[in-house]
J.: 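Can you keep this structure in mind? I'll have questions shortly.
Just so it is clear, the structure is predicted and the values come from calculations on it, not from any experiment.
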Amino acid sequence: MEILTVRDLSFKYSLGREDAVSGISFGVEEGAFVAVCGPTGCGKSTLLRMLKKELIPMGDMRGEVLLDGVPLSEIDVRTSASAVGFVMQRPEHQIVTDKVWHELAFGLENLGMPQDVIRRRVSEIAAYFDIEDWFEKDVSELSGGQKQLLNLASIMVMQPRLLILDEPTSQLDPIAASDFIATVRKLNTDMGLTVIMVEHRLQEVIPAASRLLVMDKGRLLHYGPTRQVCEEVSDRPDLLAAMPSTVRLFKIMDGEGECPLTISEGRRWAESFGNDVQPDFAQMDEQGGAPDGKQETGAADRKHGGDTNSGASVESVPDSDVPAMEFDDVWFRYGRDLHDVLRGTTLSVKQGEIFCILGGNGSGKTTCLGAAAGLNKPYSGTVKVFGKNVRDYRNQSLYRNCLTMLPQDVQTIFLKNTVREELKDAGESAGKLPYDIDSLMDKHPYDLSGGEQQLVALAKVLASEPKLLLLDEPTKGIDTYSSERISGILKDLRDSGMTIVIVTHDVEFAARTADRCAMFFRGEVTSVDEPRAFFSENNFYTTAVNRMTRGLFKGCVTLEDAVYALRLQKQPAGKDG
């Protein structure tokens, strides 16, 4: 029985020139787990919002959405609020109270439930989600993972029949994201809950999904059983790039038989090649990386319609031996009575390198960037930028062709009514951009998808032509294909002399992009290494390819590595492919 039916659904925003969603029809059986994917800005979030009556955006909507055969417009607010749950990208945007226990009870209180029913349901859901240890905490004390779990629990206490999630792990570290997806999967299998989920981290979502829906430019391209759809998208490099590494590797290698979806399936398939010839990845790194052309892996062309130098003329610093960014025993807290966030942080970033910082939610990564940008004032220790104490930069000189920071919430840098005005205000023009966003120029920045906002914000900060660029989660909400484009752009900026420091939860992006990676834990840097050594030795902060090939090929971290290693096994020993 279909719990949800979508018929010829189209939607155009009030100021939009064309449909954001166009002629989409599909049905969802009760108990299904539907994963929704597609390029950044293809209409995924718009589609999801039209499935929840209270969240339908302002604009021209045609077609219909039926819940249990009843049009959404005819369903009363009380039924809609309880029957359809919605988890957003940003945990803070959905939390409305100050205490965990009150957040769990809030929805039921608004429905006028009796107190004994509220207490019983809250108790049960807190136990199910293992929230008891932080049940009475202020929500401000929670990590990003705990906040998102609280959002999910606050919805599940209402006992919905349909759960909709819009990139719920985009701000979570790899471990918290994995735990969250596992919880959603458990709700689907244990309770028969119907799930529709938009997510760019498809390595873990696709194996959990019973059906896959693929969108592009507002239209539905594919919808069907997950494994079948994964096999159908191989003719589109941008769509194939979004698939799990197991699927991409299988397609690149012209695999025969059933396409592997999980890490364990991919490993069994890779083992069938044998491992008689071991590639020397360390030597390949010295020679500039894997020898096979990256176009074969579906990676995006760096130039992609523009000069990747972005027009920036990065002035060289006289003494190149001076670190671009240096922390020496830095301590910081947000309030006198609060705990330390940075605890003796010490690190050094070389000029002309891409330095990625990874670590759990709440470990101090964003605070570290804020200290480098002069936004957070440490009470002890020294922060230097190009050898000069941040405190000694006067009259905004730190921000004039020296340092620029792209914050995690990119909406905070949008001040104008259109993208064109934003770029003009920053001194940037469309012709100088390192990637094509012409189709966005006349849109309001707030009307863009999360991924599109990231691309516009990056273009705006590049206009300041910094020597040191700080990026906080630059691939958040962006599909893999766009992420690969950004990786290429950042490498070209590095080659032109720019130093780039990136805080990220995207391990695939860090492995592909960084010159060095650092692990943050409880306010300090616990290790720094080159990407191959860094990711080869981690169990959780590592790539899907490394987990799939560990024990088969030493140091195999990226998709290019795996392609090269597997092709070696098909050739006589001694041949280099």
J.: Would a distance-only check, ignoring hydrogens and angles, find a side-chain to backbone donor-acceptor pair under 3.5 Å from Glu30 to Ile3?
T.: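 Such a contact is absent between Glu30 side chain and Ile3 backbone.
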J.: Side chains of Ser482 and Asp479: do they bring a donor and an acceptor to under 3.5 Å?
T.: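 Side chains of Ser482 and Asp479: pair found under 3.5 Å.
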J.: So does Phe535 get a backbone contact from the side chain of Thr542, meaning a donor-acceptor N/O pair under 3.5 Å?
T.: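 Looks like yes, one N/O pair under 3.5 Å.
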J.: Got Gln146 and Val100 here, is their nearest side-chain heavy-atom distance under 4.5 Å?
T.: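 A side-chain contact is absent here, since even the closest heavy-atom pair is not under 4.5 Å.
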J.: Salt bridge or not for Arg333 and Asp340, using N-O below 4.0 Å?
T.: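 Between Asp340 and Arg333 there is a salt bridge, with a charged N closer than 4.0 Å to a carboxylate O.
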J.: Taking atom types as modelled and ignoring hydrogens, do the side chains of Gln228 and His222 form a donor-acceptor contact shorter than 3.5 angstrom?
T.: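 There is no such pair between these side chains.
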J.: When you compare the side chains of Asp472 and Thr366, does any donor N or O come within less than 3.5 Å of an acceptor on the partner?
T.: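 Yes, Thr366 and Asp472 have a side-chain donor paired with an acceptor closer than 3.5 Å.
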J.: Closer than 3.5 angstrom, by distance alone: can the side chain of Lys377 be matched with the main-chain N or O of Gly374 as a donor-acceptor pair?
T.: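 Judged by distance alone, yes, a pair lies under 3.5 Å.
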J.: Going by heavy atoms in the side chains, are Ile478 and His200 under 4.5 Å from each other?
T.: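 No - every pair of side-chain heavy atoms lies 4.5 Å or more apart.
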J.: Donor-acceptor pair, distance only, cut-off 3.5 Å: does the side chain of Glu136 make one with the backbone of Trp101?
T.: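 No, the answer is negative, given that no donor and acceptor are paired below the 3.5 Å cut-off.
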J.: What pair of heavy atoms forms the shortest contact from Thr543 to Ala511, and how long is it?
T.: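 Looking at all heavy atoms of both residues, the closest pair is CG2-CB, 3.7 Å.
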J.: I need the Glu29 CD to Met1 CE distance, nearest 0.5 Å.
T.: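 Rounded to the nearest 0.5 Å, the CD-CE separation comes to 9.0 Å.
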J.: Checking Glu103 side chain against Val96 main chain: does a donor-acceptor pair fall under 3.5 Å?
T.: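 Yes, Glu103 side chain to Val96 backbone: donor-acceptor pair under 3.5 Å.
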J.: On a heavy-atom basis, which atom in Phe540 and which in Pro174 lie closest, and how many Å separate them?
T.: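 Distance-wise, the nearest heavy atoms are O-CB, 4.2 Å.
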J.: Counting distance only, does the side-chain N/O of Gln453 pair as donor-acceptor with the main-chain N or O of Gln411 below 3.5 Å?
T.: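 No; judged by distance alone, with no hydrogens or angles, the pair does not exist.
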J.: Would you say that Leu213 contacts Leu220 through its side chain, given a criterion of any heavy-atom pair below 4.5 Å between the two side chains?
T.: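 In contact.
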J.: Rounded to the nearest 0.5 Å, what separates atom CZ in Phe26 from atom CZ in Arg211?
T.: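 So the CZ of Phe26 and the CZ of Arg211 are separated by 10.5 Å.
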J.: Give me the atom names and distance for the closest heavy-atom approach of Leu104 to Ala153.
T.: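 Closest pair (atom of Leu104, atom of Ala153, distance): CD2-CB, 3.7 Å.
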J.: Side-chain contact, heavy-atom cut-off 4.5 Å: Arg49 with Phe86?
T.: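 A side-chain contact exists here, since the closest heavy-atom pair is under 4.5 Å.
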J.: Just checking, is any N or O donor in the side chain of Arg248 or Thr480 under 3.5 Å from an acceptor N or O on the other one?
T.: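 There is no such pair (donor and acceptor under 3.5 Å, judged by atom type) between the side chains of Arg248 and Thr480.
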J.: Should the pair Lys52-Glu54 be classified as a salt bridge under the 4.0 Å nitrogen-to-oxygen rule?
T.: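 Result for this pair is yes, salt bridge flagged.
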J.: State, to 0.1 Å, how close Leu172 and Asn361 come at their nearest heavy-atom pair, and which atoms those are.
T.: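 Looking at all heavy atoms of both residues, the shortest contact is CA-OD1, 3.5 Å.
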J.: Please say which of Glu508, Lys476, Arg512 ends up in a side chain to side chain donor-acceptor pair (under 3.5 Å) with Ser483.
T.: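 Among Glu508, Lys476, Arg512, the one meeting side chain to side chain donor-acceptor pair (under 3.5 Å) with Ser483 is Arg512.
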J.: Heavy-atom distance under 4.5 Å between the side chains of Thr346 and Val525, does that happen here?
T.: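 They are not in side-chain contact.
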J.: Taking atom CG of Leu440 and atom CG of Leu448, what is their separation to the nearest 0.5 Å?
T.: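 So the CG of Leu440 and the CG of Leu448 are separated by 5.5 Å.
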J.: Yes or no on side chain to side chain contact (heavy atoms under 4.5 Å, CB included) for Thr418 and Lys443, after CA distance, side-chain angles and deciding distance?
T.: CA-CA 5 Å; Thr418 67; Lys443 292 184 177 181; over 6 Å; no
J.: Hey, is Arg7 close enough to Glu64 for a salt bridge, meaning N to O under 4.0 Å?
T.: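 Salt bridge: yes.
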J.: Can you confirm whether Tyr379 is buried at OH, in the sense that more than 12 heavy atoms of other residues, nucleotides or ligands lie under 6.0 Å from that atom?
T.: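 Yes, the 6.0 Å shell around OH holds more than 12 heavy atoms from other groups.
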J.: Evaluate side chain to side chain contact (heavy atoms under 4.5 Å, CB included) for Ile196 paired with Leu48, printing each intermediate quantity in order.
T.: CA-CA 8 Å; Ile196 301 177; Leu48 258 59; 4.3 Å; yes
J.: Would a 4.5 Å heavy-atom cut-off, applied to side chains only, mark Tyr334 and Asn376 as touching?
T.: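 Yes, close enough: below the 4.5 Å cut-off.
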J.: For Arg62, I'd like to know if atom CZ has over 12 heavy atoms of other residues, nucleotides or ligands within 6.0 Å.
T.: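 Yes - once you tally the heavy atoms of other residues, nucleotides and ligands closer than 6.0 Å, there are more than 12.
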J.: Quick one, Arg550 with Asn539, criterion side chain to side chain contact (heavy atoms under 4.5 Å, CB included). Give me CA distance, side-chain angles, the key distance, then yes/no.
T.: CA-CA 10 Å; Arg550 185 168 294 189; Asn539 285 321; 2.9 Å; yes
J.: Going by an N to O cut-off under 4.0 Å, is there a salt bridge joining Arg185 and Glu199?
T.: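 Between Glu199 and Arg185 there is no salt bridge, as every charged N stays at least 4.0 Å from the carboxylate O atoms.
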J.: Taking all heavy atoms of Pro57 and all of Met50, pick out the closest pair and write down the distance.
T.: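 Nearest pair, atom of Pro57 first, then Met50: CD-CG, 4.3 Å.
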J.: Out of curiosity, Leu358 CG to Thr504 OG1, how far, rounded to the nearest 0.5 Å?
T.: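 One finds 6.0 Å between CG of Leu358 and OG1 of Thr504.
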J.: Please report the interatomic distance CZ(Phe106) to CD1(Ile118), rounded to the nearest 0.5 Å.
T.: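 Going from the CZ atom of Phe106 to the CD1 atom of Ile118 covers 11.5 Å.
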J.: Look only at the side chain of Asp60 and the backbone of Tyr13, and say whether a donor-acceptor pair between them is shorter than 3.5 Å.
T.: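 No: the side chain of Asp60 does not pair with the backbone of Tyr13.
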J.: I need the Arg227 CZ to Ile206 CD1 distance, nearest 0.5 Å.
T.: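 The CD1 atom of Ile206 is 11.0 Å from CZ of Arg227, to the nearest 0.5 Å.
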J.: Working note: Tyr128 + Lys186, criterion side chain to side chain contact (heavy atoms under 4.5 Å, CB included); need CA distance, chi angles, decisive distance, verdict.
T.: CA-CA 11 Å; Tyr128 183 87; Lys186 192 170 187 289; 3.5 Å; yes
J.: Is there side-chain contact between Leu347 and Phe520, with heavy atoms separated by less than 4.5 Å?
T.: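 Of all side-chain heavy-atom pairs linking Phe520 with Leu347, at least one is under 4.5 Å.
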J.: Scan Leu221, Thr46, Leu239, Ile24 and name whichever one has a side-chain contact (heavy atoms from CB on, under 4.5 Å) with Met215.
T.: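 Only match with Met215 under side-chain contact (heavy atoms from CB on, under 4.5 Å): Ile24.
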J.: Within the distance-only criterion (no hydrogens, no angle test), does the side chain of Ser210 pair as donor or acceptor with the backbone N or O of Phe33 below 3.5 angstrom?
T.: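 Here the side-chain-to-backbone pair exists.
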J.: With a cut-off of 6.0 Å (strictly less than), are more than 12 heavy atoms of other residues, nucleotides or ligands near CZ of Arg267?
T.: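 Enclosed: over 12 neighbouring heavy atoms sit under 6.0 Å from CZ of Arg267.
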J.: Do the side chain of Ser22 and the main chain of Asp19 share a donor and acceptor less than 3.5 angstrom apart?
T.: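 No, Ser22 side chain to Asp19 backbone: no donor-acceptor pair under 3.5 Å.
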J.: With distance as the sole test, does Ser25 use its side chain to make a donor-acceptor pair with the main-chain N or O of Asp8 at under 3.5 Å?
T.: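 Yes, because the side chain of Ser25 sits within donor-acceptor range (under 3.5 Å) of the backbone of Asp8.
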J.: Counting C-beta onward and ignoring hydrogens, is there a side-chain heavy-atom pair between Leu152 and Leu187 closer than 4.5 Å?
T.: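 Yes; the side chains approach each other to less than 4.5 Å.
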J.: At their closest point, which heavy atom of Ala35 faces which heavy atom of Ala209, and how far apart are they?
T.: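 Shortest heavy-atom separation between Ala35 and Ala209 comes out as CB-CB, 3.7 Å.
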